[in-house]
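The structure appears right after this line, and notes come after that.
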Amino acid sequence: MPNKRARVLLVLVLLCGFLSVAGARPATAASVPDSLWFDESPLTVQNGHFTDGHGREVVLRGYNVSGETKLKENNGLPFASVADAKKSATALRALGGGNSVRFLLSWAYAEPVRGQVDNAYLAAATAQIGAFLDAGIRVYPDFHQDLYSRWLFDSDSWYTGDGAPKWAVDLGDYPDEYCGICPFWGQNITSNAAVTEATYDFWHNTYGLQDSFLDTAQKTMAYVKQNLSTAQFAGVVGFDPYNEPHAGVYDSGQSSRAWEKDVLWPFYVKFRARMDAAGWQAKPAFVEPNLFWNANLDFQKQEGGLLDAGTLGPRFVFNTHFYDQKAISGIFMWGKAADGQYAGDFGMVRDRASATKTPAIISEFGHPLTGTVSDKAPTVLKAMYQALDSRVPGASWWTNPTGSGPVLSGSQWQWDIYHGRHHELMNDNPDKVQTEGDAWNDEDLSAVRLDDSGTAVLRQDTRLVDRVYPSATSGTTVAFTYEDRSRDGSTTLTWNPVPTSLPNVNRLVGSGQYSLLVWRSGSGSAPTELHLPATFPTSTTTVVSDLGTAYAPPSYTTSTPIAAAPEPGGTGSRRLLLTDSDSGTLHYALVTNGATNPSSSLLNAAKAELAAWAAQRVG
C-alpha cells in the first residue's frame, strides 16, 4: 500500500489511543508478512546513496542467485521450481542475513530463436523473482555471461561458458576454441580466440547482435514489470545489463580506457534507454566497468573504472566485482588474509563511486571453498566483509572512525541450494556429467547447500555471513564497524578488539561479537535499522546508545527509541530499530551479544565511555 496512506492510518490509530502493540499494521498494509509502516518503499539513488521513500540511506547485502542459471539442467533458470525459489529465499533471509539478491538471467534462454522471446522462460523467471520479493528481499536482475556462450565450446572441452544463444554463435565463423595452458577458466577471456572474437562481434554489433540483445532485454524488463504486482515491482532495485564486460579484442591502438569510453559506455546509454521504454525509468542501471580495472595482479590490471563517464547518478550505479586473484592463484599469495587486507582495493571502489556521484555495489566477491587454496577462504572473506563495512582496518578503527567511508553494498558469490546435487551434462556431453560443487568449470563457492533431509544449511561460518549491518540509516552514516569473531578452523579471528582505554565497553563486549554505528540524524521519521544475525537473539542482545540502553530490546513501537522487530518476509529474521526525533545530531549505537543480563551500572558506565569517545574522535 502507499506509504502516505499507511502513515495517515497510523496517526489515526495513535489519536484513538489504540496503538499498544509493537509493529501493529493497518488492515490495508502491503502483503509481505511482518512489514511495518516504513517498509517496502522503492529505492532511488540520491546524493550518492541508495535511498528509500523515507530518505534513509539503504545498504544492500546478499548473494548471487544463482550460478544454476549458467547450467542447462534447469534451462537457464536459477531454480527447478517456484517452491525451490521460496525455500532458497527463506534460507537466504534466515541463515544468510541477506536483504537483496542479484538474480541471474540468461539471454540464451530468453531468446532461443532470433527475434522470438520465450515467454515461458520469462514467466518462470518472473515467478521465481517474485518468491524473493515476497520474502522481503530486494532484487536486481542480471543478464549473465561468462566466456560469451556455452556454444563456443566443444563437447570434450575442459571449459564451458554461458550467455549468448546458439544462433548468435552460428552467425560467426569462429575458430575452434582453444586456451593453451590455462589452469584457470577465466584465462579464456583473453586467451581463447573463439571467445575473444565472438565478444568483439557483440560489442561492435556485428550481425546486429547487440541490437538483438537490447531488444530482448527491453522485452524481458517489460514482461517482469507487467507480471509483478505494484508492491513487488517496488522491491526491484534496478538492472545489471552485462556481467563482467571485456573488449575481447581491442582495435588497433585502442586502450582499455578508450574502449570503456567509446564502446562500453554507449552500450550502457542504449540499455538505459531500453529500461526507460520498458517502464523502469525510476530504477538505475547497475553498470560494470572493464572487469580487469581493479584486478590485484599487475599483469591483469587494465586502466578503467568508467573514468570518462562523468556523473552517473541517479540513473546509474557503479557496479563492480572483486576476487583476490593473488589468493586464488595459490602462487602470488602464500599466506592468509589479514586485518585490513582489502582496505585499499575497496577504498578504490568507494573513490570511483564518489567521483561519479553514485553509490557503489560489489555485486560479486568470494573465494573457493574447496581445493588447494580453500584454506584461505575464512580469512579472505572476513577481510572482504570488513572492507565492505569500513575502509579503515580494525587495528586503527577506534582511533580513526571517521575514515570509514560509506558502508558498501555487496552480493557474495553465491547462494546455490543445489550445491553438490547437480546433474549437468557439460557442453551436452553425457560422458561429462557434473555433480560436485557448482557444476561449472570446477568452481565451488556456494555459501549454502541442502542436507539429506532437504533442509538448507550453511557451508560457511554463520558468524561470517550472517552479519550485523546498517540496512537503513535515518540520516547520514558517519562510521560503522562489525567484529564478527568468525572462525578459521578452531581459531577465532578478532581483528577489531575494543581498546583497553574503554574498560567498561570492553567488559560489556567480552568475547562476544559487536557492532558500532555512528550516524548523524536526518529529518526523516522512520527509524534506523540494523540486521540482527541469528547469533544475536533478541533476549540476549545488548544495546548501548546515546538514545538509551537496553538488554533484550522490547518490541517496536513508534515511541520506543531502541526496539526489535521481525524483518519483512515472514522468514524469522530480525532487526534492531533505533528511533531519534531530531535532525543533524550525532548518534551512536553499540550492539553486542557478549553480556548476560548486564547491570545498569555497567550499561551506564559503557554509555559514558562511548559518549566521551564519540565527542573526542567524531565531534
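- For the 3.5 Å distance criterion, the side chains of N319 and D240 qualify, holding a donor opposite an acceptor.
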L464/L493 under side-chain contact (heavy atoms from CB on, under 4.5 Å): CA gap, chis, key distance, verdict: CA-CA 10 Å; L464 171 70; L493 302 172; over 6 Å; no
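- A side-chain donor-acceptor contact under 3.5 Å links Y63 to the backbone of G96.
- Of all non-hydrogen atoms in Q386 and G394, the two that sit nearest each other are NE2-N, 3.4 Å.
- Looking only at distances, a side-chain donor or acceptor of W613 sits under 3.5 Å from a matching main-chain atom of W398.
- With hydrogens and angles disregarded, a donor-acceptor distance shorter than 3.5 Å links the side chain of N506 to the backbone of V498.
- Between S409 and V59, the closest side-chain pair of non-hydrogen atoms falls below 4.5 Å.
- Between the R350 side chain and the L388 main chain, a donor and an acceptor come within less than 3.5 Å of each other.
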ring-ring contact (aromatic ring centres under 6.0 Å, His included) evaluation trace for F346 with F322: CA-CA 8 Å; F346 285 37; F322 183 81; 5.4 Å; yes
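- Note on residues 592-612: no pairs pass ring-ring contact (aromatic ring centres under 6.0 Å, His included), not counting sequence neighbours.
- Y482 and Q513 form a side-chain donor-acceptor contact under 3.5 Å, judged by distance and modelled atom types alone.
- Once rounded to the nearest 0.5 Å, the distance linking NZ of K607 with CG of L547 reads 8.0 Å.
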Steps toward side-chain contact (heavy atoms from CB on, under 4.5 Å) verdict (Q232, D134): CA-CA 7 Å; Q232 286 177 321; D134 290 344; 3.0 Å; yes
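- How far CG of L133 is from CD of E40: 10.0 Å, rounded to the nearest 0.5 Å.
- Ring centroid separation for the pair W397 and Y514 does not come in under the 6.0 Å cut-off.
- W293 places a side-chain heavy atom less than 4.5 Å from the side chain of V349.
- Aromatic ring centres of F271 and F143 lie farther apart than the 6.0 Å criterion allows.
- For the pair V407/L517, no side-chain contact is recorded, criterion being any heavy-atom separation below 4.5 Å from C-beta on.
- Under the rule for a side-chain hydrogen bond (donor to acceptor under 3.5 Å, both in side chains), T528 has no partner lying at least two apart in sequence or in another chain.
- Without hydrogens or angle criteria, N99 side chain to R61 main chain gives a donor-acceptor distance under 3.5 Å.
- In this model, no donor atom of one side chain and acceptor atom of the other lie less than 3.5 Å apart for S474 and R56.
- Annotation: side-chain hydrogen bond (donor to acceptor under 3.5 Å, both in side chains) contacts of T560 (sequence neighbours excluded): T557.
- Aromatic ring centres of F480 and Y469: separated by at least 6.0 Å.
- F233 CZ to I129 CD1: the interatomic distance, rounded to the nearest 0.5 Å, is 10.5 Å.
- The minimum heavy-atom distance between G97 and H531, with the atom names listed, is CA-NE2, 3.4 Å.
- The minimum heavy-atom distance between A606 and V505, with the atom names listed, is O-CG2, 3.7 Å.
- In this structure, R507 places its CZ atom where only 12 or fewer heavy-atom neighbours from other residues, nucleotides or ligands lie under 6.0 Å away.
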Stepwise ring-ring contact (aromatic ring centres under 6.0 Å, His included) test for Y242 and Y268: CA-CA 9 Å; Y242 197 91; Y268 287 146; 8.4 Å; no
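- Under the 4.0 Å criterion applied to side-chain N and carboxylate O atoms, R463 and E483 are not assigned as salt-bridge partners.
- Side chain of T379 to main chain of A337: a donor-acceptor pair is present (N/O by atom type, distance under 3.5 Å, no hydrogens or angles).
- Heavy-atom minimum distance, G53 versus S41: N-OG, 2.8 Å.
- Under the 3.5 Å distance criterion, the side-chain polar atoms of S545 are matched with a main-chain donor or acceptor of Y588.
- Using modelled atom types, one side-chain atom of N604 and one backbone atom of S600 make a donor-acceptor pair closer than 3.5 Å.
- With rounding to the nearest 0.5 Å, the separation of CZ in F38 from CD in E529 is 5.0 Å.
- Residues R102 and E288 are paired through a salt bridge, judged by an N-O separation under 4.0 Å between the basic side chain and the carboxylate.
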Audit row: E364, N243, side-chain contact (heavy atoms from CB on, under 4.5 Å) steps and yes/no: CA-CA 10 Å; E364 281 191 32; N243 178 70; 3.2 Å; yes
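- Taking the six-membered ring wherever Trp is involved, the centroid distance between the rings of F316 and W265 falls below 6.0 Å.
- Residue D345 holds its CG atom at 13.5 Å from CZ of F365, rounded to the nearest 0.5 Å.
- Here the side chains of L576 and P553 are in contact, with some heavy-atom distance below 4.5 Å.
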Chi angles and distances behind the salt bridge (Lys or Arg N to Asp or Glu O under 4.0 Å) call for D276, R315: CA-CA 10 Å; D276 294 347; R315 288 167 54 78; 2.6 Å; yes
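- E57 places a side-chain N or O within donor-acceptor distance of the main-chain N or O of T477, the cut-off being under 3.5 Å.
- Interatomic distance, D308 CG to L264 CG, rounded to the nearest 0.5 Å: 11.5 Å.
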CA sep, side-chain torsions, deciding dist, call: N296, D324, side chain to side chain donor-acceptor pair (under 3.5 Å): CA-CA 7 Å; N296 69 343; D324 186 348; 2.6 Å; yes
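- A salt bridge is absent between R575 and D34: the closest approach of a Lys/Arg side-chain nitrogen to an acidic carboxylate oxygen does not fall below 4.0 angstrom.
- Counting heavy atoms from C-beta on, the side chains of R391 and D351 come closer than 4.5 Å.
- For the pair L530 and L578, the minimum side-chain heavy-atom distance is below 4.5 Å.
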Test side-chain contact (heavy atoms from CB on, under 4.5 Å) applied to D466 and L458, step by step: CA-CA 10 Å; D466 188 13; L458 288 175; 5.5 Å; no
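- D39 places none of its side-chain heavy atoms less than 4.5 Å from the side chain of V32.
- Considering every non-hydrogen atom in both S411 and Y140, the closest pair reads OG-OH, 2.6 Å.
- The pair K382-D461 does not meet the salt-bridge criterion, since no charged nitrogen lies less than 4.0 angstrom from a carboxylate oxygen.
- Using a 4.5 Å heavy-atom threshold, the side chains of N504 and L602 count as touching.
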Residue pair T481, N496: steps toward the side chain to side chain donor-acceptor pair (under 3.5 Å) verdict: CA-CA 8 Å; T481 190; N496 190 2; 2.7 Å; yes
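- Between N290 and E260, the shortest heavy-atom contact is N-OE2, 2.8 Å.
- For R485 (side chain) and G512 (main-chain N/O), a donor-acceptor pair under 3.5 Å exists by modelled atom type.
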